[in-house]
Amino acid sequence: MFSKNRTYEQHDNEKNSFYRSSVEDLNSQDRLTSDLDADICIIGGGLTGISSAINLSKKGYSVILCEARKIGWGASGRNGGQLGIGMRKDQFTIEKKLGLSHAKELWNLGLEAVDQAKNLINEHDINCHLINGVMSAACFEKDIEEYKFEIEHMSKHYNFEGYKFYNQSQVREEINSKMYIAGMLNSSSYHLNPLKLTIGLAKVAQENKVKIFENTPIEKIKEEGDRVKVIYKKGIIRANKVVVACNGYLDSILGFKKNKFMPINNYVVATEPLGEKRAREIIKNNYAVCDTRFIIDYYRFSEDWRMVFGGGETFTSNFVKNATSFVSKRMVKVFPQLKNVKIDYSWGGTLAITVNRLPHFGTLMNNKVSYAFGYSGHGLALSVLAGKLIAENIDGNHERFKFFSDINHMSIPLGSIFRRPIYSSAILYYKIRDYLNS
Ligand SMILES: Cc1cc2nc3c(=O)[nH]c(=O)nc-3n(C[C@H](O)[C@H](O)[C@H](O)COP(=O)(O)OP(=O)(O)OC[C@H]3O[C@@H](n4cnc5c(N)ncnc54)[C@H](O)[C@@H]3O)c2cc1C
């Protein structure tokens with residue numbers, strides 16, 4: 001449970017993911033061999049880091065980005081591909097916590113996040129197979145009332161008409177599984193191949209003169225007068241501002257800030273290609289789906305009609321060596337008709353869960369260091385937005401960054417020791433609850 005390895009080293013016992021096999025790695029020719037100087041140094045080559053890089057370079061800053069392994073090595077290149085609006089929690093819960101006006105600002109930013117990702121995809125012609133529609137599929141009776149409440153609440157208070165209720169027979173018409181008793185379609189959300197998006201955006205960053213260094217793990221950052229020293233094995237980068245974009249892979253670069261989230265590992269499989277006809281017999285309109293259990297199942301079809309099915313979590317700092325049987329058991333429970341299909345790929349990724357499930361943004365060292373993490377499994381669109389807001393904040397426009405940085409986040413007491421075990425107890429509790437309710 002307490003491995004000495006860095007979190008980004010956990011994937012070393014895995015094979016390539018489907019996503020990795022679907023796209024060529026970034027051709028990052030920059031090699032870091034000596035000390036360097038830049039306006040901005042970004043640590044982490046996922047969507048938060050890359051989006052920060054694009055936005056800052058467009059504002060005229062010189063930008064260096066350092067990634068410990070490869071671009072998209074972390075969650076950005078391994079996730080379920082659901083590009084969702086909103087936050088991990090429903091709006092009503094956020095209103096109760098932050099008040100209506102703050103909740104509305106976050107809602108608008110959540111809509112902007114998806115629009116921003118779509119615009120970048122269109123503007124730069126990134127071929128990441130964007131498909132409309134994400135269905136929430138209900139496992140419990142109580143979900144039906146909650147869907148109806150949410151649809152009405154969002155229509156009345158937010159003028160949002162993008163949700164649609166499906167009763168049992170309607171949802172089973174869409175998703176060929178006996179698991180679900182209702183559904184709620186979100187027609188403002190999308191799904192896509194996330195690594196193609198991440199690498200596509202990294203190329204946009206390069207076109208904007210961002211220097212990207214892969215295989216460059218940063219060991220420490222240190223304040224040095226009005227600059228920051230970014231220390232790696234072979235030297236030092238000096239920058240006016242630093243952006244830390246490591247999300248679930250954050251170890252000690254930000255000191256005790258890592259105790260603001262729990263790192264958890266979540267797993268995914270991809271079947272052999274099933275062909276469009278068979279795929280549409282399973283999900284008629286090719287939506288992405290996520291269910292309503294605490295440890296959710298989420299799935300969708302890939303561009304070559306593989307079922308990409310995610311679900312199942314572990315909390316130790318070592319990855320399950322072969323997640324195939326771990327996840328495919330869950331898949332076959334939902335779709336017994338897939339019992340004999342071949343699983344071509346399985347992999348995992350680490351995400352960062354905050355106690356209140358809202359992202360944690362902030363600054364340290366007199367605003368010289370910015371960070372954003374803790375998207376709580378809902379970060380595909382929000383990480384792209386985070387980069388934009390970090391860039392605005394660094395450029396002196398603090399208002400929208402503050403909508404996130406003003407949110408209070410609980411630390412996990414003695415988090416360095418307990419953040420994994422505490423979450424494991426929670427997982428056990430909810431696993432039992434999911435089981436009893438199913
Ligand atoms: C299995 C899985 C499924 C998910 N499904 C969805 C989904 O369907 N929809 C959704 O919205 N969200 C989903 N998420 C969450 C989403 O993927 C993340 O919130 C988002 O990708 C976070 O992006 P990021 O750039 O902040 O972090 P990451 O993409 O994790 O990138 C962090 C990077 O930092 C690097 N790094 C760490 N330490 C150092 C260091 N010392 N020096 C240099 N580099 C370092 C890592 O190698 C890594 O590449 C999922 C996550 C997982 C793991």
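No hydrogens, no waters, no symmetry mates; every other heavy atom, side chains included, goes into these values. Each ligand, and each atom within it, is numbered from 1 in the order the structure gives.
When each of Lys203, Glu67, Lys70, Gln206 is paired with Ser28, the side-chain contact (heavy atoms from CB on, under 4.5 Å) condition holds for Gln206 and for no other.
In this structure, the ring of His129 has its center no less than 6.0 angstrom from the ring center of Phe301. For an aromatic pair to be called close, the ring centres must be under 6.0 Å apart, and Tyr158 with Trp107 satisfies this.
Close approach of ligand 1 to Pro217 is summarised as follows: ligand atoms under 4.0 Å from at least one heavy atom of the residue are 42 (N). Per-residue contacts place Cys66 under 4.0 angstrom from the following atoms of ligand 1 (heavy atoms of the residue considered): 43 (C), 44 (N). Atoms of ligand 1 lying under 4.0 Å from at least one heavy atom of Thr350, given by number and element, are 53 (C). Interface of Tyr249 with ligand 1, defined as ligand atoms under 4.0 Å from a residue heavy atom, comprises 30 (O), 37 (C), 38 (N). Per-residue contacts place Ile43 under 4.0 angstrom from the following atoms of ligand 1 (heavy atoms of the residue considered): 40 (C), 42 (N), 43 (C). Atoms of ligand 1 lying under 4.0 Å from at least one heavy atom of Ile253, given by number and element, are 41 (N). Contact atoms of ligand 1 toward Gly74: 29 (O), 30 (O), 48 (C), 49 (O) (distance under 4.0 Å to a heavy atom of the residue). Interface atoms of ligand 1 facing Gly81, defined by a heavy-atom separation under 4.0 Å, are 8 (O).
Nearest protein heavy-atom contact of atom 22 (C) of ligand 1 is Asn247 ND2, 3.5 Å. Nearest protein heavy-atom contact of atom 26 (O) of ligand 1 is Thr48 OG1, 2.7 Å. Among protein heavy atoms, atom 5 (N) of ligand 1 sits closest to Gly80 N, 2.9 Å. Looking from atom 8 (O) of ligand 1 to the surrounding protein, the closest heavy atom is Gln82 N, 3.1 Å. The closest protein non-hydrogen atom to atom 51 (C) of ligand 1 is Leu351 CD2, 3.4 Å. Of the protein's heavy atoms, Ile218 N, 3.7 Å lies nearest to atom 40 (C) of ligand 1. Shortest contact from atom 36 (N) of ligand 1 to any protein heavy atom: Cys246 SG, 3.9 Å. Scanning the protein for heavy atoms near atom 19 (O) of ligand 1, the closest one is Gly379 CA, 3.2 Å.
The pair Arg78-Glu14 counts as a salt bridge, with a side-chain nitrogen and a carboxylate oxygen less than 4.0 angstrom apart. Under a 4.0 Å N-O distance rule, the pair Asp395/Lys58 does not qualify as a salt bridge.
Ring planes of His360 and Phe373: perpendicular class, angle over 60° (limits at 30 and 60°).
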Show the numbers, then the answer: is there a side chain to side chain contact (heavy atoms under 4.5 Å, CB included) between Ile237 and Leu32?
CA-CA 10 Å; Ile237 299 165; Leu32 199 46; 4.0 Å; yes

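Assignment of Gly248 to the shell around ligand 1 is not supported, since no heavy atom sits closer than 4.0 Å. For the ligand labelled ligand 1, residue Gly84 lies outside the 4.0 Å heavy-atom shell. For the pair Ala245 and ligand 1, a heavy-atom separation below 4.0 Å is found.
Of the N and O atoms on the side chains of Ser383 and Asn247, not one donor lies less than 3.5 Å from an acceptor on the other residue.
Under a cut-off of 6.0 angstrom, the local environment of NZ in Lys89 is sparse, with at most 12 non-hydrogen atoms contributed by other residues, nucleotides or ligands. Asn16 CG: more than 12 foreign heavy atoms inside a 6.0 Å radius. Heavy atoms of other residues, nucleotides or ligands lying less than 6.0 angstrom from NZ of Lys388 number more than 12. The 12-atom threshold is exceeded at CG of Asp12, counting heavy atoms of other residues, nucleotides or ligands nearer than 6.0 Å. The neighbour count for Lys59 NZ, taken as heavy atoms of other residues, nucleotides or ligands under 6.0 Å away, is above 12.
Atom OG of residue Ser136 and atom CZ of residue Phe165 lie 10.5 Å apart, to the nearest 0.5 angstrom. From Ile64, atom CD1 reaches atom CG of Asp37 across 7.5 Å, with rounding to the nearest 0.5 Å.
For ligand 1, the polar-atom distance check finds no N/O of Ala372 at less than 3.5 Å from any of the ligand's N/O atoms. Considering backbone and side-chain atoms together, Tyr8 places no N or O closer than 3.5 Å to any N or O of ligand 1. At under 3.5 Å, a nitrogen or oxygen of Leu380, whether backbone or side chain, sits near a nitrogen or oxygen of ligand 1.
Between the choices Ser76, Gly72, Gly311, Gly44, the shortest heavy-atom distance to atom 34 (O) of ligand 1 belongs to Gly44. Evaluated by nearest non-hydrogen atom to atom 2 (C) of ligand 1, the leading choice among Trp347, Tyr299, Tyr298 is Tyr298. Nearest to atom 47 (O) of ligand 1 by heavy-atom distance, out of Glu67, Arg78, Glu9, is Glu67.
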